[in-house]
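Shown next, in structure tokens, is the structure this report addresses.
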2 protein chains.
Amino acid sequence: MHGRAQDVSVTVDLAIFTVRDDELQVLLITRGNEPYLGAPALPGGYVRAGETLDEAARRELSEETDRDPRGRVITVSYLALGPNMPDPTAGTDARTAFWVPVETALSWRAKLAFDHAEILGEALEQARSKLEYTTVAAAFCAEPFSIGDLRHVYETVWGVTLDPSNFRRKVTQARLFLESTGERRRAEMGRPAALYRRGPARLLSPPLLRHGDAI
Amino acid sequence: MHGRAQDVSVTVDLAIFTVRDDELQVLLITRGNEPYLGAPALPGGYVRAGETLDEAARRELSEETDRDPRGRVITVSYLALGPNMPDPTAGTDARTAFWVPVETALSWRAKLAFDHAEILGEALEQARSKLEYTTVAAAFCAEPFSIGDLRHVYETVWGVTLDPSNFRRKVTQARLFLESTGERRRAEMGRPAALYRRGPARLLSPPLLRHGDAI
DNA sequence: AGAATAGTGTCTATCAGACAATATATG
DNA sequence: CATATATTGTCTGATAGACACTATTCT
């Protein structure tokens with residue numbers, strides 16, 4: 001997948017996250033080919049540019065935009081979050097896929113294939129950022145869900161604890177984010193939580209900001 | 001490119017923006033094949049999933065995440081902004097590429113191939129959003145640039161006018177966004193503007209929010 | 001009652017938006 | 001001087017974060 005020559009092709013590495021066991025975890029595979037045979041790696045595919053892209057856009061823009069790496073912003077991200085992502089099921093080649101806590105994966109650094117440690121770090125930051133200004137977090141709570149469920153997603157992905165009352169105020173005031181079902185859920189302990197379903201908004205306005213942001 | 005069967009492949013449509021003539025413009029091509037022969041369209045390529053992606057990730061996750069379209073968040077965006085993007089140069093097949101104001105392209109709606117009107121609309125919103133929480137805008141000002149240059153990018157992409165003093169306060173207080181060069185630029189009229197270069201930050205903290213956000 | 005979680009109310013430092021005022025250039 | 005743009009300063013309403021308090025369940 002890497003190092004394919006001749007035709008215009010670029011690899012796509014996927015950071016697939018889930019929330020399991022109160023931890024943020026990422027899906028890795030064990031490489032079955034050289035290079036990095038046996039090393040843990042992000043799952044990936046490759047993109048081969050079609051004729052239209054290559055002829056009409058890429059060549060014309062390359063000189064202008066390649067000077068500064070930020071001049072061309074190509075974002076290929078696969079972000080999946082969920083409270084109960086399935087174990088990689090038994091099946092041909094799925095045997096090499098496994099979930100691992102993000103912290104653990106990042107601690108491996110040099111063991112990860114290619115530059116996947118860096119990619120993972122950036123994907124993590126992107127996922128954390130997406131929670132601020134989009135409604136994805138709600139998409140990964142099974143409906144109906146409580147505000148506490150939603151808060152738990154934020155806390156796990158961001159790695160912080162949030163003030164329940166301030167969190168409630170923000171998410172309930174955000175337009176078209178949550179729709180009340182009028183129902184409640186009885187838990188083992190404590191007052192039953194009001195239940196919600198996702199509203200139509202995809203972007204959070206106003207956004208839900210973390211306190212200190214990174215670069 | 002669309003409708004390719006058999007192997008797992010999905011199209012990628014590219015929204016490439018530039019700021020020219022004080023307008024936000026987008027790169028389109030004229031289709032040379034059926035379907036939609038002769039219709040304006042976004043340039044595009046196709047992604048074919050590699051074995052690793054297909055075997056290790058896609059199948060395992062599909063049942064879980066395909067129920068809700070937001071369960072799988074695939075973002076493939078190609079965002080290019082610049083004050084002076086070149087005209088599509090003469091060359092084989094580049095003859096069909098052209099810049100057009102975004103407003104014009106959106107007004108065509110039904111004329112655009114496939115669902116490209118929708119895709120363009122979403123890409124526009126994504127680009128506008130990226131200006132809020134990333135530093136891309138600065139990446140598309142030729143260095144060195146003035147705060148007025150930067151403000152002009154925001155105003156053109158967002159389609160609003162911004163208060164110069166409040167804008168200045170925000171961008172100069174954002175950490176690692178701008179670095180002063182100590183130099184000034186003499187313009188035709190008015191006080192010379194202090195010049196800056198891009199700082200190392202990729203994410204804007206705190207973000208620069210528009211007043212009213214969309215869905 | 002005690003523990004646990006959900007939800008409401010309030011206070012305050014901070015900040016975004018509005019806008020007045022000043023600075024420095026050209027003609 | 002008039003005009004245009006850059007830059008600084010100030011005022012005020014809105015709000016994020018901190019935190020006290022109330023509500024409703026289970027044991």
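To find a chain, count down the sequence lines: A is the first, B the second, and so on, and within it residues start at 1.
- Formation of a donor-acceptor pair under 3.5 Å by the B/Arg198 side chain with backbone atoms of B/Ala138 is found in this model.
- Counting only distance, with no hydrogens or angles, the side chain of A/Glu155 and the backbone of A/Leu162 share a donor-acceptor pair below 3.5 Å.
- One interatomic measurement links the two molecules: CZ of B/Arg169 to C1' of D/dC11, which rounds to 11 Å at whole-angstrom precision.
- Summarising the geometry, the separation between CD on A/Gln173 and C1' on D/dA14 is reported as 11 Å, rounded to the nearest angstrom.
- Contact footprint of chain A on DNA chain C: nucleotides with an atom under 4.0 Å from a non-hydrogen protein atom, first to last in 5' to 3' order, C/dA3 to C/dT10.
- The CZ atom of A/Arg186 sits 12 Å away from the P atom of D/dT27 (whole-angstrom rounding).
- At a threshold of 4.0 angstrom between heavy atoms, the contacts of A/Arg185 with the nucleic acid are absent.
- Residues B/Tyr133 and A/Ser129 form a side-chain contact, since some pair of their non-hydrogen atoms from C-beta on lies under 4.5 Å apart.
- Remark: A/Arg186 CZ is loosely packed, at most 12 non-hydrogen atoms of other residues, nucleotides or ligands lying under 6.0 Å away.
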For residues 166-174 of chain A, please give each side-chain donor-acceptor pair under 3.5 Å, one per line with the distance, not counting sequence neighbours.
residue: A/Asn166; atom: OD1; partner: A/Arg169; partner atom: NH2; Å: 3.3
residue: A/Lys170; atom: NZ; partner: A/Pro207; partner atom: O; Å: 3.1
residue: A/Thr172; atom: OG1; partner: A/Arg168; partner atom: O; Å: 2.7
residue: A/Thr172; atom: OG1; partner: A/Arg169; partner atom: O; Å: 3.2

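- D/dT5 atom C1' lies 9 Å from atom CZ of B/Arg151, rounded to whole Å.
- Using modelled atom types, one finds a donor on one side chain and an acceptor on the other under 3.5 Å when comparing B/Ser205 with B/Arg175.
- The neighbour count for A/Arg185 CZ, taken as heavy atoms of other residues, nucleotides or ligands under 6.0 Å away, is above 12.
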Are B/Trp158 and B/Leu24 close enough, and set up right, to give a side-chain contact (heavy atoms from CB on, under 4.5 Å), and what steps lead you there?
CA-CA 9 Å; B/Trp158 285 353; B/Leu24 184 66; over 6 Å; no

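- Atom-to-atom, CZ of A/Phe167 to P of D/dT15 comes out at 18 Å; the value is rounded to the nearest Å.
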Identify the pairs formed between an N or O of the protein and an N or O of nucleotides 22-24 of chain D at a distance under 3.5 Å, and give each distance.
residue: D/dA23; atom: O4'; partner: A/Arg191; partner atom: NH1; Å: 3.2
residue: D/dT24; atom: O2; partner: A/Arg191; partner atom: N; Å: 3.2

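- Remark: B/Glu143 does not engage B/Arg197 in a salt bridge, criterion side-chain N to carboxylate O under 4.0 Å.
- A donor N or O paired with an acceptor N or O is found under 3.5 Å between the base of D/dA18 and the side-chain atoms of A/Asn166.
- In terms of position on DNA chain C, the residue among A/Met189 and A/Arg168 whose nearest nucleotide sits closer to the 5' end is A/Met189.
- Atoms CG (A/Leu162) and C1' (D/dG17) sit 11 Å apart, rounded to a whole Å.
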